[in-house]
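To find a chain, count down the sequence lines: A is the first, B the second, and so on, and within it residues start at 1.
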There are 2 protein chains.
Amino acid sequence: MSIRELASHLNISIGTVSRALNGRSDVNAETRKRVLEAAAELGYVPNQSGRSLRQGTTNAIGFMVETNSEMSNHGDTFFTSVYDGVQKVFAPHHLDLVVLLCPSGDDPYDHVRRVVARRFVDALFISAIQRHDPRIDFLIEREIPFIALGRSLSGGSHPWIDLDFEGVATQAVNRLVARGHRRIGLVNPGSEINLGYIFADAYRAALAANGIAYDPQLLVRAEQTDEEGGYRSADALLALEPRPTAVVLVNENMAIGVYRRLHEAGLMPGRDMAVIGLRQSQLTGFLSPTLTCFRISLFDLGRRLAEGLLATMPAYRDSHPVGLVQEVWPIELVPGESDPPPR
Amino acid sequence: MSIRELASHLNISIGTVSRALNGRSDVNAETRKRVLEAAAELGYVPNQSGRSLRQGTTNAIGFMVETNSEMSNHGDTFFTSVYDGVQKVFAPHHLDLVVLLCPSGDDPYDHVRRVVARRFVDALFISAIQRHDPRIDFLIEREIPFIALGRSLSGGSHPWIDLDFEGVATQAVNRLVARGHRRIGLVNPGSEINLGYIFADAYRAALAANGIAYDPQLLVRAEQTDEEGGYRSADALLALEPRPTAVVLVNENMAIGVYRRLHEAGLMPGRDMAVIGLRQSQLTGFLSPTLTCFRISLFDLGRRLAEGLLATMPAYRDSHPVGLVQEVWPIELVPGESDPPPR
DNA sequence: GTGAAAGCGCTAACAC
DNA sequence: GTGTTAGCGCTTTCAC
């Protein structure tokens with residue numbers, strides 16, 4: 001069912017059909033009604049390739065994620081909630097959100113180049129931002145609208161939103177110090193992902209602000225930021241002398257492995273080692289002890305990301321006049337049972 | 001950079017450039033070499049809309065998931081591993097896998113119709129299959145290649161793969177009975193998703209085979225198959241008299257909530273109530289006690305799904321001569337510490 | 001082995 | 001307010 005068939009079925013020119021379908025004002029109300037009804041009845045939907053070729057846009061926007069690192073790191077609901085927020089903003093514009101999976105093993109930079117070259121999407125969300133991220137320079141140079149979920153040293157001025165890792169580290173350290181902890185570990189990702197640098201810097205700054213010397217041994221880099229990584233990190237921390245009395249984790253799922261390792265050592269999570277995680281999720285409230293962590297509104301983050309992206313696209317700028325979005329996304333401490341004072 | 005620009009840069013006709021790029025045999029080796037080099041140098045990549053319009057295919061294949069139900073249910077790594085397997089099969093064909101998110105709140109049936117109508121993808125994976133699933137009838141009628149991850153009563157003969165929920169229920173019940181349990185609960189999804197029916201039927205059959213009467217009270221339907229749902233299900237089971245000594249969960253994440261609820265009741269998971277989960281994941285080995293569950297090779301499942309899909313597509317059938325795939329995917333018990341004999 | 005040209009479905013510019 | 005037509009980028013006949 002093409003527009004030509006629809007037009008001849010109605011004894012109308014295809015131009016008029018197109019205008020009626022696209023809500024142009026210069027079309028007779030009666031004609032529009034007939035066209036819309038016939039389209040609904042015959043199940044006509046415009047072919048996207050035809051539109052794209054003509055207009056140079058696909059009305060699809062990609063969210064690039066890596067199947068290796070982040071989805072398995074952040075866990076289940078992280079991106080899901082973000083996607084929901086994005087779609088909320090996209091819906092009235094009839095923009096489709098598609099997730100572009102960078103296969104594990106493929107270079108994210110190559111992948112983004114391929115996606116852009118094929119003109120599969122009009123704009124991109126990119127995530128898992130590296131400290132130096134060639135994707136950003138590339139997208140700026142090619143003038144592809146995008147927004148980054150995460151900061152980077154690359155590419156001067158571009159839209160981004162990042163979680164407030166400074167806030168997490170600072171509040172976590174301050175809270176632990178206030179409760180009497182002095183030997184506080186930090187578990188960071190092992191990769192070149194930028195948040196690790198930000199997290200570590202803020203951790204060191206917070207220690208300094210509290211008059212505590214930084215001990216490099218207490219900064220653990222975990223190959224995986226999941227249960228397994230948590231287990232191994234706890235293992236490393238338990239081997240230290242004197243043993244740290246508290247640990248801050250870059251990912252809440254790691255707490256499961258940390259708890260496990262402490263149990264195996266005959267220690268009680270919380271009582272024998274305070275634990276603070278990153279993001280509140282279904283998980284955190286059901287651990288025993290419940291995990292002290294931070295509330296992050298991912299749905300709203302998704303909405304803001306979408307707004308920030310649309311603001312960079314000429315066709316949508318007017319409906320989302322938010323300017324250049326470069327924001328640190330707020331977090332809020334959620335006290336749990338996992339970080340009492342040291343014994 | 002269009003094919004026309006590339007051709008004029010080489011002083012060759014666009015037809016020849018196209019043939020060279022597409023690996024046609026009727027092109028001079030020298031010419032092909034020049035074209036390929038120039039394309040690489042100038043960074044030319046064919047515009048997908050142009051190709052699609054001409055050929056009627058997009059070289060993109062969609063994986064439809066619902067942002068509400070399953071991603072948050074199955075958890076982090078379920079789909080990630082499946083995607084990886086799919087991409088492994090797609091790579092040599094230069095097919096792109098894109099994830100199509102059905103926004104929470106949208107009807108999956110409407111969504112699939114829209115996706116198909118826009119001709120955004122050449123074929124579809126569908127998941128979260130309902131007992132009666134109109135998407136299947138629709139895709140068959142429209143002759144859109146697809147494969148379902150999950151069985152359904154809808155639409156006679158079509159390709160599908162489903163996890164062996166019968167095997168899970170049967171092996172779990174048999175194992176628990178062998179260890180002396182007689183009052184065994186089952187926690188199922190509350191939705192109309194088909195796996196719930198299959199799981200419950202197999203559970204009842206396994207009980208009968210072991211000479212145990214079925215008690216409807218022991219079959220709990222959880223609104224959410226996550227930590228919260230596990231907590232509530234455990235709450236319901238603890239209220240029963242006499243209390244069940246074991247429970248089989250349709251999702252391993254629920255175990256976290258079940259453990260929590262048992263702890264709150266002063267009970268020990270495993271010792272006071274045996275627990276068996278569904279899928280082995282990073283989580284299951286790091287719970288205390290470790291969770292008895294089932295190993296499922298999701299990467300291979302993804303590969304098989306991809307093969308089953310390509311086998312239905314004329315252009316790829318020959319390279320994947322696997323016929324009509326209708327398979328129950330094997331599972332393998334992974335013993336943990338969570339299901340000892342009753343006290 | 002290569003060039004010329006048609007046409008996939010659509011929208012937009014222009015004529016009336 | 002509607003019809004006509006060019007052309008987006010590409011592949012694929014069809015000549016030669």
Of all heavy-atom pairs linking B:Glu66 and B:Arg135, the shortest is OE2-NH1, 4.0 Å
Taken to the nearest whole Å, CG/B:Leu21 to P/D:dG9 is 16 Å
Check whether any side-chain N or O of A:Arg51 sits under 4.0 Å from OP1 or OP2 of C:dT11, and answer yes or no.
yes
Quick note, B:Asn22 side chain, CB onward, closest among D:dT2, D:dT11, C:dG3 is D:dT11
From the candidates C:dC10, C:dT2, D:dC10, the one with an atom nearest any side-chain atom of B:Ile14 is D:dC10
Taken to the nearest whole Å, CZ/B:Phe120 to P/C:dG9 is 19 Å
B:Arg118 atom CZ is separated from C:dG9 atom P, nearest whole Å, by 17 Å
Of the listed D:dT4, C:dT2, C:dC10, the closest approach to the A:Pro46 side chain comes from C:dC10
The nucleotide from C:dT2, D:dC10, C:dC10 with an atom nearest the side chain of A:Ile3 is C:dC10
**OP:** Compare side-chain N and O positions of A:Gln55 against OP1 and OP2 of C:dC10 and report whether any pair is under 4.0 Å apart.
**Re:** no
Between A:Lys33 and A:Glu37, does the salt bridge (charged side-chain N to carboxylate O under 4.0 Å, His left out) criterion hold? Intermediate values first, please.
CA-CA 6 Å; A:Lys33 186 156 166 288; A:Glu37 283 175 0; 3.4 Å; yes
What one should report as the nearest heavy-atom pair of A:Ile129 and A:Ile136 is CG2-CD1, 4.1 Å
Rounded to whole Å, the CG-C1' distance (B:Asn59 to D:dC10) equals 13 Å
note: A:Arg54, atom CZ; C:dG7, atom P; distance rounded to Å ~ 19 Å
Touch class at under 4.0 angstrom, heavy-atom based, for B:Thr31 against every strand present: sugar-phosphate
Kindly say whether, by distance alone, the side chain of A:Arg19 makes a donor-acceptor pair under 3.5 Å with the base of D:dG3?
yes
All heavy atoms of B:Leu324 vs all of B:Ser157, minimum pair found to be CD2-OG, 3.1 Å
On DNA chain C, more 5' by nearest nucleotide between B:Gly50 and B:Val27 is B:Val27
- Query: For C:dG3, does either OP1 or OP2 sit under 4.0 Å from a side-chain N or O belonging to B:Thr16?
  - Reply: yes
Does the base of C:dG1 carry an N or O that pairs as donor and acceptor with the side chain of B:Arg32 under 3.5 Å? no
Exactly one candidate in A:Ile61, A:Val86, A:Leu95, A:Asp122 meets side-chain contact (heavy atoms from CB on, under 4.5 Å) with A:Leu309; the answer is A:Ile61
Next on the checklist: Counting the atoms with a prime plus P, OP1 and OP2 as sugar-phosphate, which does A:Ile12 contact under 4.0 Å by heavy atoms, base, sugar-phosphate, or nothing?
Outcome noted: sugar-phosphate
TODO: Taking only the side-chain nitrogens and oxygens of B:Arg24, find out if one of them lies under 4.0 Å from OP1 or OP2 of D:dT11.
DONE: no
Regarding the side chain of A:Leu53, the nearest nucleotide among C:dT2, C:dG9, D:dT11 is C:dG9
In whole angstroms, the gap separating C1' of D:dT2 from CD of A:Glu30 amounts to 15 Å
**Request:** Looking at every strand, decide which applies to A:Asn47 at a 4.0 Å heavy-atom threshold: base, sugar-phosphate, or nothing.
**Result:** sugar-phosphate
Ranking C:dT11, D:dG1, D:dG9 by distance to the side chain of A:Asn28, first place goes to D:dG1
Under 4.0 Å, heavy atoms only, any strand: does B:Ser18 hit a base, just the sugar-phosphate, or nothing? base
5'-most contact on DNA chain C (nearest-nucleotide basis), B:Arg4 vs A:Gln48, goes to B:Arg4
B:Arg34 CZ to C:dG1 P, in whole Å, measures 16 Å
Scanning both residues in full, the closest heavy-atom pair of B:Phe146 with B:Thr312 reads N-OG1, 4.3 Å
Taken to the nearest whole Å, NZ/A:Lys33 to P/D:dG1 is 17 Å
